[in-house]
Structures are given as structure tokens and as C-alpha cells.
There are 2 protein chains.
Amino acid sequence: MNKWLILIIDDEPQIRKLLQINLESNDYKVIQAATGNEGISLCASHTPDLVLLDIGLPDKSGQEVLIELREWYQNPIIMLSVLDGEKEIITALDHGATDYLTKPFRAGELLARIRSAIKRNITTVNTKSIICGDLEIDLVSRIIKKNNELLKLTSTEYNLLALFAKNEGKVLTHQYILREIWGIGYQTETQYLRVFVGTLRKKIESDYTNPFHIITESGVGYRFQ
Amino acid sequence: MNKWLILIIDDEPQIRKLLQINLESNDYKVIQAATGNEGISLCASHTPDLVLLDIGLPDKSGQEVLIELREWYQNPIIMLSVLDGEKEIITALDHGATDYLTKPFRAGELLARIRSAIKRNITTVNTKSIICGDLEIDLVSRIIKKNNELLKLTSTEYNLLALFAKNEGKVLTHQYILREIWGIGYQTETQYLRVFVGTLRKKIESDYTNPFHIITESGVGYRFQ
DNA sequence: AACTTTCTTTATAAAATCTTTATATCTCTT
DNA sequence: AAGAGATATAAAGATTTTATAAAGAAAGTT
């Protein structure tokens, strides 16, 4: 099997060295960048399987790098931050960070997080399109088809449907959905969800008064099938 | 395979002897204690796979021993009691006893209870989905299937069934169930429980007038199998 | 700036679920 | 076999949760 490729973006050479030794002795291939811009171009040229990104960088903040990367880069990005960076961590997760680690970290924890992130990535993101009965969801091009006809969804509607589709058959709680789609802090806005489930149903269900795809689990959440 | 280790805590030497012979001839290893305090320290030093604990002990009551053990000891504890100890049994179950046997007991029953308690202990801890005959309970996705068909349960019904399934074979007292599902303060609302056991039976039992899964233990509670 | 689209709120109707009450059935003891 | 206590079932009432429409706010486009 080919080795997984990991890109480290961090300005401190000692940390880079430490990470490199740890990762290479665990059979990962490593490339490094000391600045945000360098990191972005390395990421573009090598498309690593995972990125370790420091929040505190000299040229542009880790947050900005994260946002830029997420415009086109799908693989896991784990943020590295100093302790007490609570707020930064939350914004990072909001912007699509996969996970985070606070420095100083134990090698075991780092490796565990990396393993789990990569594993999750190959099982979920790697499926490029999902087909559920008359629905076809292309996760790369963000195109939804129903009986081969193109559906026009808004961004939020699409995100919601994609989340459902990735968790087909599983009950998703209101809280979980709200956190995933709207972000932390929206977990009580259950009414948003009701409205959007309503519009989604009108678009994807053959008979929206008697929904087949999006099932209500009263008191808990919704289930997609 | 290593033999299972069983600790007997009972003040009557004849009973200890009887139990020892029975258990050892069935391939269990046995250690004994004649008093509660001795039992607790033996349990701490040997961490047996199961404890047989007499309710009537000279130094401290079996109930006290049970409570002390349950602060740190996770494995099954089967209580031994004389007949007509109904109340004591219920308090014992409330305090985390796994099962009970009334003396005098048949050897076959004793062994069956021990087998089932040990089996349950090694299988149900940390399992994500539980299969009981025609029922399949997925604790992660909150999905219940009967003969592979999806069952629609309300939130409370699901919680109740999940609680039962996690304690398969074990008698759960009304109090305990009410505390777990509805919370502290609802422990006297036995009628709630009756109504919900009724609706659950209608959904999961093949013949709900003659329930197989949810067994009534009159005066005590229910047992799921 | 005017217009379109999308998102957020608010209000209300409808549905589902939970609680309570009443009554029937069962079980155990005397 | 009668009576007490415990359990089961049905059904009405109360409450909570969900669905839907529609108005107001925000964002994006031309």
C-alpha cells in the first residue's frame, strides 16, 4: 500500500521536526511548510491526504489558510493550537476544520486523531455520489437529480440534503443537524430546521404530505432513507 | 480458557460448601468469605468475575456490602436470600444487584443464572447494537428492526426498549426503570410504565397477549429477554 | 438602486405523544 | 372461592412537537 501523505504547516521548526519524526516512524510520508502561503501552494501541488495546520502563523492566520484551503481541498484538516484558544477552535471547526489538537500534545493522541480522520474521510467523502431510490446526489458537483431531472436547491437546502444522505438510515438529532449545518450556537433554533425540511420535502418528495425520504422522528430528529 | 472466578460471601459454612462443590464441578474457580468485610477485601484483591452475596450477614447487612461494592465493582452481583425477603430483594436490585436467588435453590437454576449474568456482562458492555431473537436494536442510529422490518417507536418507547435491551435477562424494578427513563421524582408513577410496556408489547411482541420479550415479574418489575 | 433570491422570524393549524382516569383482568393469600 | 393487591388495556384529556404559510430582513445580482 502507498503511504499516506501528510502536510505540516507550522512556523516553528522544532514542532515540524517533532511531528515529522513521529509521523515517519509510523509510516506516513511528510511534507512541510513554514508559512501559510507556502502551505497552500504545497497543498495544491501535492494534494496530501491530511493537513496539520497551526493556528498561529506569521504571514496569514491559520484561519485564513483554512478558509482558502476549504474552497477546494476536501481532505481532513487538523488544527494545532495553543491552550486556551477556545474561540479560535470553534471558528476553525465552523470553517470546516476536521479536528483540533492543543499543544503540547501526546504522540499517541496525535496519531489516533490522524488515523480516525483519514479513516472517516475515505469512508464518507470518497463516495462521490449517493443514490437513494429516485434521488441522485453528486457530492462533488453539488448536483441533485430526481428521476434524472435536475433539482434546483439553495445552498442550505443542499447542505442539509447532503448531510442526510451521508447518514442514510440513521436518526440525526435536531441538535446535531443544526450544529453541522448552521454551526455551534444554533443548536436551539429547531424552527430553522422545520422550515428547511419543509422546503426540501416539497422539492424531493413525490408526495410531500406523506414523505418517504425524510422521516420525522418526533421528539428526536429526522431520518433519511 | 481461564476459569471464571466466583466469590461467595455467606456466613453459613454449609451453604458455602454446597455452593463450592456445585461451582467447582462446573469448572468455576471459587473463593469464599464468611463476613461482609472479608468479602469486600477479597473482592478488591481478586476482582472475581461474579459475586454471590448473601443478604443476611452477621457484621454488616448484605445491602451495605452491595452498596460499598457497587462504588467500584462492575461485574455481576447475585444476591442470595431466604424466602419472603421480597422487600430486601427489591432494594438490592435498586442498588445495582444483577439478579437474586431465594434459598433453598436448585443447582440448575443457580448455574443458569450465573452463566447468563457472566455472558451478559461480557457481551452487552460497549456493544453498539443488540440482537435478541427477532429483534435488532441499533443503539447508535436509534433504529429498531423486527424480522428485518423497521419498527416505528416514539422516543419514550425507544428509550424504554433500549434500557431493557442493555439489561437483557436482568430483572429491572419499577423504581429503577422510572428513575432511568423519566428521572428522579417519577419513581412512584408505576402506571406510566404499565401503559408504555403495553404499547411496546403491541409493537415488538408477535403475540402481545402472551409476551415473550418483556416478562412481568409481579411485585418487582420487568425482565427482558 | 431596484430586483431577485435566500434566510430568519412569527403565527397558527395539525399531528403526535404523553398523562390521567376508569375499568377489566390476573395473581396470590387466606 | 373470595377478596386484596397488582397488572393490563382502552380511551379521553392535556401537552408537546411538528408542519406550513407568510411576512420581514439580509444578501446577492444586474
Side-chain angles (χ1 to χ4, degrees), chain A residues 94 142 144 151-161 163-164 171-175 177-178 180-183 185-205 207-224, chain B residues 83-87 89-90 93 102 142 144 151-161 163-164 171-175 177-178 180-183 185-205 207-224:
Chain A
D94 275 347
R142 294 176 73 97
I144 313 283
L151 284 189
K152 183 162 168 43
L153 299 190
T154 73
S155 168
T156 311
E157 286 164 3
Y158 170 83
N159 291 337
L160 186 55
L161 180 57
L163 181 67
F164 276 136
V171 177
L172 302 180
T173 65
H174 299 133
Q175 285 215 357
I177 300 171
L178 286 162
E180 289 293 313
I181 305 293
W182 280 269
Y186 286 78
Q187 299 176 22
T188 54
E189 302 287 352
T190 323
Q191 185 59 15
Y192 287 14
L193 194 47
R194 298 218 176 91
V195 173
F196 276 89
V197 165
T199 64
L200 247 189
R201 276 181 176 151
K202 277 189 192 153
K203 292 184 181 179
I204 69 170
E205 299 284 2
D207 172 14
Y208 83 90
T209 57
N210 186 24
F212 168 79
H213 284 298
I214 305 179
I215 308 297
T216 305
E217 298 281 345
S218 196
V220 184
Y222 295 92
R223 184 164 47 81
F224 183 79
Chain B
L83 263 171
D84 301 327
E86 295 286 319
K87 268 207 184 123
I89 288 166
I90 293 176
L93 291 171
T102 45
R142 283 183 82 95
I144 313 282
L151 285 189
K152 185 155 174 46
L153 300 189
T154 73
S155 172
T156 310
E157 287 163 4
Y158 171 83
N159 292 336
L160 185 56
L161 180 57
L163 180 67
F164 277 135
V171 178
L172 302 179
T173 64
H174 300 133
Q175 285 215 359
I177 299 171
L178 286 162
E180 290 292 313
I181 304 292
W182 280 269
Y186 287 78
Q187 300 176 20
T188 55
E189 303 286 353
T190 324
Q191 183 58 15
Y192 286 14
L193 194 47
R194 298 217 176 92
V195 173
F196 275 90
V197 165
T199 64
L200 247 190
R201 277 180 176 153
K202 277 192 191 149
K203 292 185 181 179
I204 69 170
E205 300 284 2
D207 172 14
Y208 83 90
T209 57
N210 186 23
F212 168 80
H213 285 298
I214 304 178
I215 308 298
T216 305
E217 298 280 343
S218 198
V220 184
Y222 295 92
R223 180 198 295 264
F224 182 80

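Chain letters run A, B, ... following the sequence lines, proteins first, then strands; residues in each count from 1.
- Spacing between atom CZ of A/Arg194 and atom P of C/dT8 amounts to 16 Å, rounded to whole angstrom units.
- Checking side-chain atoms of A/Glu189 against main-chain N and O of A/Tyr186 turns up no donor-acceptor pair under 3.5 Å.
- Atom pair B/Leu160:CG and C/dC18:C1' shows a separation of 14 Å (rounding to whole Å applied).
- Residue-level contact check: A/Gly219 touches the backbone only, with heavy atoms under 4.0 Å from sugar-phosphate atoms and none from bases.
- Among the atoms of the strands shown, base atoms are found under 4.0 Å from some heavy atom of B/Gln191.
- Rounded to a whole Å, the CZ atom of A/Phe196 is 11 Å from the P atom of C/dT9.
- A/Thr190 comes within 4.0 angstrom of nothing in the nucleic acid, heavy atoms only.
- Here the P atom of nucleotide C/dT20 and the CG atom of B/Leu193 are 14 Å apart, to the nearest Å.
- C/dA16 atom C1' lies 15 Å from atom CD1 of A/Ile215, rounded to whole Å.
- Neither OP1 nor OP2 of C/dT6 sits under 4.0 Å from any side-chain N or O of A/Thr154.
- The minimum heavy-atom distance between A/Ser218 and B/Ser155, with the atom names listed, is O-CB, 4.0 Å.
- Here chain A contacts DNA chain D (any atom closer than 4.0 Å to a heavy atom, that is under 4.0 Å), and the contacts span D/dT17 to D/dA21 from 5' to 3'.
- Taking five base pairs at each end of the helix from C/dA1-D/dT30 to C/dT30-D/dA1 and finding the rotation axis that steps the C1' atoms of four pairs onto the next four gives two axes whose angle is 30°, to the nearest 10°.
- Scanning all heavy atoms of the two residues, the minimum distance from A/Lys203 to A/Leu151 falls at O-CD1, 3.7 Å.
- The shortest distance between side-chain heavy atoms of B/Leu193 and B/Tyr222 falls below 4.5 Å.
- Residue A/Val195 is classed as a base contact, given a heavy-atom separation below 4.0 Å to a base.
- In this structure, A/Lys152 NZ and A/Glu157 CD are separated by 9.0 Å, a value rounded to the nearest 0.5 Å.
- Between A/Trp182 and the phosphate of C/dC7, there is no side-chain N or O to OP1/OP2 separation shorter than 4.0 Å.
- Within the 3.5 Å criterion, the main-chain N or O of A/Phe212 finds a donor-acceptor partner in the side chain of A/Glu205.
- As judged by a 4.0 angstrom heavy-atom cut-off over every strand, B/Tyr186 is placed among residues making no nucleic acid contact.
- Residue A/Tyr192 places none of its side-chain N or O atoms closer than 4.0 Å to OP1 or OP2 of C/dC7.
- With B/Leu160 as reference, B/Ile177 is the one residue of B/Thr199, B/Ile177, B/Thr154, B/Leu153 to meet the side-chain contact (heavy atoms from CB on, under 4.5 Å) rule.
- Using a 4.0 Å cut-off between charged nitrogen and carboxylate oxygen, B/Arg142 and A/Glu217 do not count as a salt-bridge pair.
- Distance A/Glu157 CD to C/dC7 C1': 10 Å, rounded to the nearest Å.
- Nearer to the 5' terminus of DNA chain D, by closest-nucleotide assignment, is the contact made by B/His174 (compared with the other of B/His174 and B/Lys202).
- Ring pair A/His213/A/Phe224 is parallel by interplanar angle, where below 30° counts as parallel and above 60° as perpendicular.
- We find that CG of B/Leu200 is positioned 14 Å from C1' of C/dC18, with the value rounded to whole Å.
- Considering all non-hydrogen atoms of both residues, B/Ile214 and B/Arg201 come closest at O-NH2, 2.8 Å.
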